[in-house]
Engineer: 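Structure incoming, see below.
Because the structure is predicted, anything quoted here is derived from the model rather than measured. Here is the naming used below: chain letters follow the sequence lines, and residue numbers restart at 1 for every chain. In what follows, every heavy atom counts, from backbone to side chain, and hydrogens, waters and symmetry copies are set aside.
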Amino acid sequence: MKNKYVFVTVMLAVLLFLSVGLTKIYVNHEEENKSEEYTVVTSFYPMYIAALNIVGDCENVKLENLSEPQTGCLHDYQLTPADMQLLSTADAFVINGGGIESFLGEVAEQYPDLKIIDASERVDLLEDNAHAWMSITDYMVQIETITEGLSELDAEDAGTFLANAESYLNKLQGLKAQADEVKQFTEGQNVVIFHEAYEYVAEEYGMNVSYGMDLDEERQVSAGEVAEVVRQVKEGGVKVILAEELYGKDMGDTVESETDAKVCYLDALVRGEYEADSYLNAMQNNITLLKEAFADEKDY
Amino acid sequence: MTEFFTAWWQYGFMRNAFLAVMIITPLFGLLGTMIVNRKMAFFSDALGHSALTGIAVGVVLGVTDTNLSMVVFAVIFALLLNKISSKSTASTDTIISVFSSCSVAVGLAILSKGGNFSKYSSLLVGDILSITRREIVYLIVIFAVTLIFWAVAFNKLNAVSMHRTLARSRHIPAALLENLFAVLIALIVMLSIKWVGILIINALLILPAASSRNLAVNMREYHFFSILFSMFSGILGLIISYFTNVATGPMIIIVASVIYFVTFAYQKAMHGN
């Protein structure tokens, strides 16, 4: 009778010690694999590309992105345990800011010591809209802000960061010059946009947004809204609609067949290749598309 | 050693998870004893699978808190199962299997619409981050309800499961008790399924009680060991999963399984059969 209780106590104690021991061995083993690198974590795609260009091939810095939502934009994204653990190893966390990272409160609560670099700190954000990277001008400010933030936190590599940022900013300057050329066609034009992010495009190119709707993964459009868009396009003399291919295609096709307006599918830069030049290439593409869309209109 | 018990305490989600484990594992141990006695293991398994349908129904109806649709669906499902298995002539395990696969199919069909199932795949293995303050409040309520039910009805329920006709002759409302019991299981399974995971939640109900059966010689011991094993594997599994980056549900089950095998071996060694 008593034997049983002794047996249970011994069994549980042995299990406890075994698991503590094995876990310790496992954890120590893990730690050995960790090097002394400075870890920078970015919140999502455009921030990762920005940081990638600043960090460059700096060997002492490890750059990681949070695991991506499959749908692109970060709205309503929930952190996974892997994200939490990634952040626990992070020395700096680069975010776009302006409320896109809705999970930021959670992060700040869990890791009060984590250094957060808000890229949009010095950007004049539009109301309720933080897609600032869509404007080359604002993006350049973001690059400067991230570079400053990182240099402050990791003074050893500050020189490399500054040099990398400078060469990247030069390339962006080139893009900006092209965009300014296109601006002569776009200035003062009325446009309809199908994604919040394009408000920044409109701002940069001096266009007036006569109607905006935010089409994304969770959005179902009602017949009334379609009618409203068509009405706006006809009444406002809108020639071009800015949309995102993935979520705006159906709506774009409908409006194109109902009106004379042309739909220009721009890249909103929330997903793509994880390469340093991704932003440059995508933006270059966007400029070409805008130029085609608006310059053609002039010929009529 | 002390680090093992303290390092994770600084994280809010670990504290929530710890609280949830402290509340839910004794309940699993308690209800498990009766589930094992009444040979309802398959029943609770089917119930766990119905969570998928519950969530799907919630998604279709546009309910923001899928917990609610899950619980409502599971309660209906449990009552229906009870009713049909007491009426029909086909054997109970066939009926449960039909119900279980049917509800899983409906759930999968709805949730996988548009190739979006990956959004819900965390349900299968459980996600510890899904434990929120609100869920803990739910758990405390259900904890209290279960304790009251157990204190009032355990003896009667036990009588029903031993000899239904005899129990009826003593004016014990057998059907009512059985239904209440099924509803309780449904509630507890649904409230913990998001972090334990559909695939393994049943093990958490069955393993502690089964291990306890290897050792216990009376009802009191049976309950005591079951709750002890359940809490022990819950807490240890949670802490190990934190340090080893493994999903929590599976880790708890692994600890519980080890306990089962050790007690099984002990019983064989002591009693020889």
Engineer: Considering residues at least two apart in sequence or located in another chain, which fulfil the side-chain contact (heavy atoms from CB on, under 4.5 Å) criterion with A/E273?
Structural biologist: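 If we apply the side-chain contact (heavy atoms from CB on, under 4.5 Å) test to A/E273, skipping adjacent residues, the hits are A/E275, A/S278.
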
Engineer: Could you tell me the separation between the OH atom of A/Y5 and the CZ atom of B/F225, rounded to the nearest 0.5 Å?
Structural biologist: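 Spacing of OH (A/Y5) from CZ (B/F225) equals 4.5 Å.
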
Engineer: Anything under 30° is parallel, anything over 60° is perpendicular, the rest tilted; go ahead and classify A/F7 against B/Y266.
Structural biologist: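 Parallel: the ring planes of A/F7 and B/Y266 meet at under 30°.
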
Engineer: At under 4.5 Å between heavy atoms, what parts of residues 28-39 of chain B are in contact with chain A? List them by residue number.
Structural biologist: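 Counting heavy atoms that sit under 4.5 Å from chain A, no residue of residues 28-39 of chain B is involved.
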
Engineer: Taking side chain as C-beta onward, heavy atoms only, is A/M11 less than 4.5 Å from B/F229?
Structural biologist: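 SC-SC contact between A/M11 and B/F229 confirmed.
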
Engineer: Quick one, A/L12 and B/L228 - any side-chain contact, counting heavy atoms below 4.5 Å?
Structural biologist: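 A side-chain contact exists here, since the closest heavy-atom pair is under 4.5 Å.
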
Engineer: Under the side-chain contact (heavy atoms from CB on, under 4.5 Å) test, which residues partner B/I200, sequence neighbours left out?
Structural biologist: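 If we apply the side-chain contact (heavy atoms from CB on, under 4.5 Å) test to B/I200, skipping adjacent residues, the hits are B/V196, B/P250, B/I253.
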
Engineer: My understanding is that only residues two or more places apart in sequence, or in another chain, count here; which of them pass side chain to side chain donor-acceptor pair (under 3.5 Å) with A/D118?
Structural biologist: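 For A/D118, no residue satisfies side chain to side chain donor-acceptor pair (under 3.5 Å) once neighbours in sequence are set aside.
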
Engineer: With a 4.5 angstrom heavy-atom cut-off, could you sort out which part of B/V258 is near chain A: side chain, backbone, both or neither?
Structural biologist: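 When you check distances to chain A, only side chain atoms of B/V258 fall under 4.5 Å.
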
Engineer: Counting only N and O atoms by type, is there a donor-acceptor contact under 3.5 Å from the side chain of A/K4 to the main-chain atoms of B/L215?
Structural biologist: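 Pair found, side chain donor or acceptor close to backbone of B/L215.
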
Engineer: Is it the case that atom CD in A/E256 sees more than 12 heavy atoms from other parts of the structure closer than 6.0 Å?
Structural biologist: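 Buried by this count: over 12 neighbours within 6.0 Å.
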
